[in-house]
There are 2 protein chains.
Amino acid sequence: MARTTLQDVASEAGVSLATVDRVMNGRSGVHARTVERVQAAVKALDFHPDRHASRLARGRDYDFRIILPTGENDFMKMLEGELRETGARLRHERIKLSVQQVDVFDGPLLAAAIEELPATIDGLAVVALDHPAVVEAINNLVAAGVTVLTLVSDLPSSRRSHFVGIDNVAAGRTAANLIGRFVHGSGKVGLIAGSLALRDHIERQYGFEQVIAREYPNLQVLPLREGRDDNSRVESAARALLADHPDLVAIYSAGGGQSGVVAALEASGRAREVVFIAHELTPLARRHLVRGTIDAIINQDAGHMARSVARVLQSTREGAPIVPGQERIRIDVFLRDNLP
Amino acid sequence: MARTTLQDVASEAGVSLATVDRVMNGRSGVHARTVERVQAAVKALDFHPDRHASRLARGRDYDFRIILPTGENDFMKMLEGELRETGARLRHERIKLSVQQVDVFDGPLLAAAIEELPATIDGLAVVALDHPAVVEAINNLVAAGVTVLTLVSDLPSSRRSHFVGIDNVAAGRTAANLIGRFVHGSGKVGLIAGSLALRDHIERQYGFEQVIAREYPNLQVLPLREGRDDNSRVESAARALLADHPDLVAIYSAGGGQSGVVAALEASGRAREVVFIAHELTPLARRHLVRGTIDAIINQDAGHMARSVARVLQSTREGAPIVPGQERIRIDVFLRDNLP
DNA sequence: CTGTTAGCGCATTCAT
DNA sequence: ATGAATGCGCTAACAG
């Protein structure tokens with residue numbers, strides 16, 4: 001039983017190769033009756049096109065773009081590195097990934113950057129700010145036939161076809177869960193977020209407060225402080241928390257700037273007693289997790305996300321189904337002992 | 001700059017396509033001087049073969065085999081399901097995965113099953129028992145040119161080219177870490193393992209006891225009970241633990257048969273107080289994690305492992321490098337809130 | 001609206 | 001020891 005080919009389908013349907021190709025790839029200019037015949041043949045023979053052959057014959061490389069935020073955020077830098085690495089590997093598989101930095105916190109600017117993309121590109125993955133102009137720009141691109149993915153921070157109201165990232169409400173709940181179980185006794189809990197312009201940090205805060213309030217009445221969450229993902233600003237916030245609240249038992253840092261919290265904790269001499277949960281497994285987080293200053297890290301795997309972006313873009317382009325389990329980004333929990 | 005092809009290399013080296021192919025694929029019958037010239041050209045042009053073209057031209061499908069244990073182990077069943085699913089997807093990409101069940105706890109039997117495999121297969125992934133006959137069988141297969149991977153339970157002393165699985169010592173340490181942090185106060189900890197014939201459970205036990213002894217002097221690990229991954233046997237063990245030790249504060253089940261522990265805990269009425277950590281996110285584990293009987297699950301992602309087996313086998317066969325980050329199986333920690 | 005044809009880059013006979 | 005020629009299954013002009 002040799003594999004069934006386009007040719008087999010053509011014979012079965014009594015048409016030529018080219019016609020089957022037109023039907024398979026949704027090109028116009030085929031009689032409705034013929035389309036049906038071909039589709040019937042495809043089903044009858046359980047035909048699946050050979051990816052290798054089609055990619056080879058296609059000639060043109062896929063042109064995928066990625067838009068990340070400018071700035072000093074450690075996680076974004078890791079993600080950029082992973083995307084470039086994935087891109088380097090995929091160059092040999094007829095896929096071109098280009099990464100571009102834009103100030104995603106500026107809605108109109110981000111929207112303009114998206115509008116400027118040529119409609120000839122095959123796909124875009126973007127860290128999306130929740131702003132009407134951005135939604136509009138994304139929808140236009142989709143209308144022009146480009147596959148658009150949101151990355152890290154979602155924009156469900158847009159027509160993006162897929163989101164590569166984690167459920168941030170669940171991530172916030174997980175942080176609360178860990179703090180609730182790690183803390184013995186009662187006290188206050190500090191909450192530091194980055195910016196509230198992207199949905200991700202808002203969602204984490206929401207999930208966090210929800211679980212603490214509902215399940216850990218012994219803990220009291222203090223008013224949120226904005227750290228803007230900036231080390232020194234975050235450090236001030238953490239210092240203030242520690243100084244103002246002798247009964248502070250835990251800190252949850254939902255954004256970047258972890259090293260600020262670490263510095264404040266170490267300066268205070270309370271690093272051991274205060275439970276500290278942060279996001280993203282950066283080299284710094286790793287060190288302090290081993291040392292004990294950080295008690296647990298909640299992570300989204302940058303390498304996995306980069307590869308997922310490429311795979312989803314490619315599959316969508318090929319009209320192939322994606323494998324849900326493979327593209328689901330986990331909410332990783334890292335303790336000292338299960339570091340990768 | 002069009003991509004460089006085999007043809008370009010041939011011109012550069014002043015030889016024909018066929019000769020370059022011989023060199024690239026390590027076939028014999030080429031003058032040493034010619035080999036050098038070709039290799040120089042490859043380096044000079046930074047040539048990377050086009051996977052799509054080579055797979056298309058190759059014609060023959062890859063024939064990969066997988067050997068799993070017979071028996072009722074839930075995790076193995078999940079793994080089998082994932083392997084079959086991966087196999088179904090890959091049939092359309094010129095890869096054939098066949099899964100086979102063998103009583104891997106019987107060394108000679110397992111070895112015989114491996115010896116019986118035709119040397120024409122391209123690769124094997126096997127859950128390896130630590131037995132000399134198995135090592136021998138694996139080494140023979142490798143010598144015959146077959147790519148061999150160990151799966152779930154490793155056999156580092158063999159010549160297998162790769163292990164798909166987690167670091168089980170670290171997994172045991174992680175369990176200890178969680179119990180140490182979740183338990184308030186002091187008391188006894190029960191430890192139930194499956195069989196000690198495979199390395200994985202031994203390693204988990206080792207890591208677990210190490211961390212409890214070193215970092216949590218308030219806890220005392222009771223002598224290990226063997227549950228043989230069997231629900232009813234595990235249930236007896238758990239019942240005995242609960243009955244004999246009123247000061248039991250936690251149970252770590254390093255093997256299968258979780259539902260036995262759940263049953264014993266629920267019957268005892270101490271499900272809430274006793275911290276229970278188990279392995280593998282089965283549907284049952286999921287339910288009881290949400291309900292609170294299980295406090296945390298340590299997991300190795302069966303879907304990830306199945307895909308990794310296929311990718312590593314394929315890459316090895318193609319002489320392509322594997323992506324370490326993509327093939328590293330994580331030690332997942334699942335709490336109620338970060339369930340996938 | 002439909003068919004014919006020429007490659008895509010490589011593996012693999014079959015010659016030399 | 002090396003080269004020439006054929007075809008893998010599909011896409012994309014180009015004809016009709």
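Chain letters run A, B, ... following the sequence lines, proteins first, then strands; residues in each count from 1.
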* Looking across every strand, which nucleic acid part, if any, lies under 4.0 Å from A:Gly29 by heavy atom: base, sugar-phosphate, or nothing? -> base
* Tell me, which of residues 32-56 of chain A have any heavy atom that sits under 4.0 Å from an atom in DNA chain D? -> A:Phe47, A:Pro49, A:Asp50, A:Ala53, A:Ser54
* Asked: Rounded to the nearest Å, what distance is computed from the CZ atom of residue B:Arg27 to the C1' atom of nucleotide C:dT12?
  -> 8 Å
* Is any side-chain nitrogen or oxygen of A:Arg60 closer than 4.0 Å to OP1 or OP2 of D:dT11? -> no
* Asked: Rounded to the nearest Å, what distance is computed from the CG atom of residue B:Leu6 to the C1' atom of nucleotide C:dC8?
  -> 13 Å
* How would you list, by chain and number, every residue that makes a side-chain contact (heavy atoms from CB on, under 4.5 Å) with B:Pro69, sequence neighbours excluded? -> B:Met76, B:Val104, B:Val127
* Taking only residues two or more places apart in sequence, or in another chain, which ones meet B:Asp200 in a salt bridge (charged side-chain N to carboxylate O under 4.0 Å, His left out)? -> none
* Starting at atom CG of B:Asp8, determine the distance to atom P of C:dC8, rounded to an integer number of angstrom. => 11 Å
* Asked: Rounding to a whole Å, what distance do you find between B:Asn25:CG and C:dT13:C1'?
  -> 15 Å
* Give the nucleotide from the list C:dA11, C:dT2, D:dG9 with an atom nearest to the side chain of A:His31. => C:dT2
* Using 4.0 Å as the upper bound for N to carboxylate O, is an ion pair formed by A:Arg89 and A:Glu85? -> no
* Between B:Arg94 and B:Gly14, name the one whose nearest nucleotide on DNA chain D is closer to the 5' end. => B:Gly14
* Spacing between A:Arg317 atom CZ and D:dT11 atom C1', to the nearest angstrom -> 16 Å
* To do: In whole angstrom, give the distance that lies between atom CG of A:Asp21 and atom P of C:dC1.
  => 17 Å
* Asked: Rounded to the nearest Å, what distance is computed from the CG atom of residue A:Asp61 to the P atom of nucleotide C:dC8?
  -> 14 Å
* With no hydrogens and no angle check, do the side chains of B:Thr4 and B:Asp8 hold a donor and an acceptor under 3.5 Å apart? -> no
* Salt bridge present between A:Arg330 and A:Asp301 (N-O < 4.0 angstrom) -> no
* Length of the CD-C1' vector between A:Gln7 and C:dG3, whole Å -> 12 Å
* To do: Answer yes when B:Lys96 and B:Asp61 have at least one side-chain N-carboxylate O distance shorter than 4.0 Å, and no when they do not.
  => no
* Asked: Quick one: ring-ring contact (aromatic ring centres under 6.0 Å, His included) partners of B:His48, sequence neighbours excluded?
  -> A:His92
* A:Thr19 side chain, from C-beta outward: closest of C:dC8, C:dC10, C:dT2 -> C:dT2
* To do: Mind grabbing the angle between the end helix axes of the helix from C:dC1-D:dG16 to C:dT16-D:dA1? Five pairs an end, 10° rounding.
  => 40°
Look for any protein N or O under 3.5 Å of an N or O in nucleotides 4-6 of chain D and output each such pair with its distance, or none.
none

* Asked: Should the pair A:Asp122-A:Arg65 be classified as a salt bridge under the 4.0 Å nitrogen-to-oxygen rule?
  -> no
* Charged N to carboxylate O below 4.0 Å: is that the case for A:Arg160 and A:Asp154? -> yes
* Asked: Using 4.0 Å as the upper bound for N to carboxylate O, is an ion pair formed by B:Arg27 and B:Asp21?
  -> yes
* Verify the distance criterion only: is there a donor paired with an acceptor across the side chains of A:Gln101 and A:Thr70 at less than 3.5 Å? => no
* **Note: B:Arg37-B:Glu12 ion pair, threshold 4.0 Å (strictly below)** => no
